[in-house]
Undergrad: 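Got a structure here, written out as structure tokens. Questions coming.
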Protein chains: 2
Amino acid sequence: MSHFTKQVEENYLKALFKLKSREIKKVNNIALATYMELNPATVLEMMRKLADKNLVQVLPDKSIQLTETGERKAILIIRKHRLWEVFLVDKLKYKWNEVHDLAEQLEHIESDDLVNRLEEFLKFPAFDPHGDPIPDKNGKIKLNATIPLNLGKKGKTYTVKSFAETEDAFLDYLTNINIQPGTKITVLDLYEYDGSSSVQINNNKLHISEKVAQNILVQLKK
Amino acid sequence: MSHFTKQVEENYLKALFKLKSREIKKVNNIALATYMELNPATVLEMMRKLADKNLVQVLPDKSIQLTETGERKAILIIRKHRLWEVFLVDKLKYKWNEVHDLAEQLEHIESDDLVNRLEEFLKFPAFDPHGDPIPDKNGKIKLNATIPLNLGKKGKTYTVKSFAETEDAFLDYLTNINIQPGTKITVLDLYEYDGSSSVQINNNKLHISEKVAQNILVQLKK
DNA sequence: ATAATATATTTGGGATACCAAATATTTTTC
DNA sequence: GAAAAATATTTGGTATCCCAAATATATTAT
Ligand SMILES: [Mn+2]
Ligand SMILES: [Mn+2]
Ligand SMILES: [Mn+2]
Ligand SMILES: [Mn+2]
């Protein structure tokens, strides 16, 4: 018996949670399989196992939902992931765009006590290096009230809070154009034709695509 | 394909290294299977795979040896294990007898860079919390010149350096009788009959079995 | 409504890591 | 040098996680 069942299970739960919070529409088998880069047959089989364990529920319209237990587990993994990311950046001096994959491993270390001690050691950070909120030990998350930058208004200035995408290529691009959590961005122009926009960061003007703007989550600067 | 092959492999390599450094006699299939609590058939099968990968060698007398590559890998895992143990004790305030099992998980986190940064963060510790030396990034280990306490001489005082056993039950027992790396122990009496001995720790007299004394590694106090 | 398309499900397999039980092969012991 | 004991190896089988290809069932477009 492979004793790695737990880790595999955790990745499914986390994927379901991410998909749910990212998209409005129902998560179906194909969407989950696509997101996880797995065969639909594999995912279907696993959904049955997770349903047996009362971690997910398949609704009559075939959409897949986490149960309360499943969601709780997912959130606690995300908590671990984000705390480890803070550790890597604050203590081991990694850059914020270098830590995701390592946290992907560390999030599966099994010990509630360890996570709680880590949190204390890090002085109870509220956000991870990407600006995402860190759930508390009971699974409560303070949500950031943000909008994607592509919905920003011409002439207004916004503060970057976090990102809707975790891919390396995206974070590397952000680093290149000097955007990180906390960066102030002024929307100079919005081009209806392709959804792209012209923005100002510090003293530099920059043209960004709609795809990029959609994944930058901001708040109006106070 | 289970993507956990690497972790499984690492545990075999580490077990072989531990067995070799603990016992003088050759390590055979049964010894390894017993140590790892696995079926001999399982271990035999795995030895063939590891031999194919040039990580172990099965000699004509059926004894199993790590190759140079295999030993190097084993040592680097032990390096990770011990550095994480230092982190847990120094930074997260765990007790020295509580960290082994957590390190057993953390040692499989895959990233050379991470270990090296961790080592720097911990200020290049030479020993882990159990008194065992931490190999450097090239796999070099400074060996402790120690003797087991049961070979100590009556009347002499010794300093505890490390332990030949990592089991929880043993470490808990040591904690109970107040022995840890650095403790000074004076041998008061040796009983030939059962190999047990009477020792003094601080101002307390204590009777310990041969089995316990064998697993306490000491140096003559200067 | 029918055809086209998307989604869901079934079926048959593959890889890895494991085990129990039978059979060889050594090694010890007498 | 047998017999006994220990060790090694083979054989057949299980659990978990995964895939490709076929089939069934919805959904959407025309
Ligand atoms: Mn991340
Ligand atoms: Mn993960
Ligand atoms: Mn240890
Ligand atoms: Mn291990």
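Throughout, protein chains are lettered first and strands after them, A, B, ... in sequence-line order, and every chain is numbered starting at 1. Keep in mind that what you see is a predicted model, and the values were worked out from it rather than measured.
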Undergrad: Starting at CD of A/E37 and ending at C1' of D/dC18, how long is that distance when rounded to a whole Å?
TA: 14 Å
Undergrad: Please determine whether a side-chain nitrogen or oxygen atom of A/R48 lies at a distance below 4.0 Å from atom OP1 or OP2 of C/dA8.
TA: no
Undergrad: Between D/dC19, C/dT7, D/dT7, spot the one nearest the side chain of B/I30, thanks.
TA: D/dT7
Undergrad: Rounded to whole Å, please give me the gap between CG in B/D61 and P in C/dT25.
TA: 18 Å
Undergrad: Hey, is the side chain of B/N39 pairing donor to acceptor with the base of C/dA20 inside 3.5 Å?
TA: yes
Undergrad: Out of C/dT16, C/dA20, D/dA20, which nucleotide sits closest to the side chain of A/A41?
TA: D/dA20
Undergrad: Choosing from C/dT9, D/dA20, D/dC18, which nucleotide comes nearest the side chain of A/T42?
TA: D/dC18
Undergrad: Looking at B/E165 and B/K211, does any basic side-chain N land under 4.0 Å from a carboxylate oxygen?
TA: no
Undergrad: Which whole-number value in Å describes the distance from B/L32 CG to D/dT9 P?
TA: 13 Å
Undergrad: Test your reading of the model: is there a side-chain donor-acceptor pair from B/Q7 to the backbone of B/F4, 3.5 Å cut-off?
TA: no
Undergrad: Check the distance between D/dA8's P and B/L59's CG and give it to me in whole angstrom.
TA: 12 Å
Undergrad: Can you measure B/L44 atom CG to D/dA6 atom P for me and round it to whole angstrom units?
TA: 20 Å
Undergrad: Starting at the 5' end of DNA chain D and moving along, which residue's nearest nucleotide shows up first, B/V58 or A/V8?
TA: B/V58
Undergrad: Before accepting this row, confirm whether a basic side-chain N of the pair A/E119/A/K137 lies closer than 4.0 Å to the acidic partner's carboxylate O.
TA: no
Undergrad: Among A/N215, A/V212, A/V187, which residue meets the side chain to side chain contact (heavy atoms under 4.5 Å, CB included) test with A/L149?
TA: A/V187
Undergrad: Output yes when at least one side-chain N/O atom of B/K62 is less than 4.0 Å from OP1 or OP2 of D/dT9, else no.
TA: yes
Undergrad: Rounded to whole angstroms, how far apart are CG on A/N29 and P on D/dA26?
TA: 15 Å
Undergrad: Please tell me if A/Y12 has a side-chain N or O lying less than 4.0 Å from either OP1 or OP2 of D/dT16.
TA: no
Undergrad: When the distance from CZ of A/F4 to P of D/dA15 is rounded to whole Å, what number comes out?
TA: 19 Å
Undergrad: Kindly point out which of C/dT9, C/dT16, C/dC19 is positioned nearest to the side chain of A/P40?
TA: C/dT9
Undergrad: Are any side-chain N or O atoms of A/R82 and backbone N or O atoms of A/A126, one a donor and one an acceptor, separated by less than 3.5 Å?
TA: no
Undergrad: Suppose we call a contact any N or O donor and acceptor under 3.5 Å apart; does that hold for the side chain of A/E45 and the base of D/dC18?
TA: yes
Undergrad: Counting side-chain heavy atoms from C-beta on, which of C/dT9, C/dA8, C/dC18 comes nearest to A/N28?
TA: C/dA8
Undergrad: Respond yes when some side-chain nitrogen or oxygen of B/T5 is under 4.0 Å from OP1 or OP2 of C/dA15, and no when none is.
TA: no
Undergrad: Rounded to the nearest Å, what distance is computed from the CG atom of residue A/L38 to the P atom of nucleotide D/dT16?
TA: 17 Å
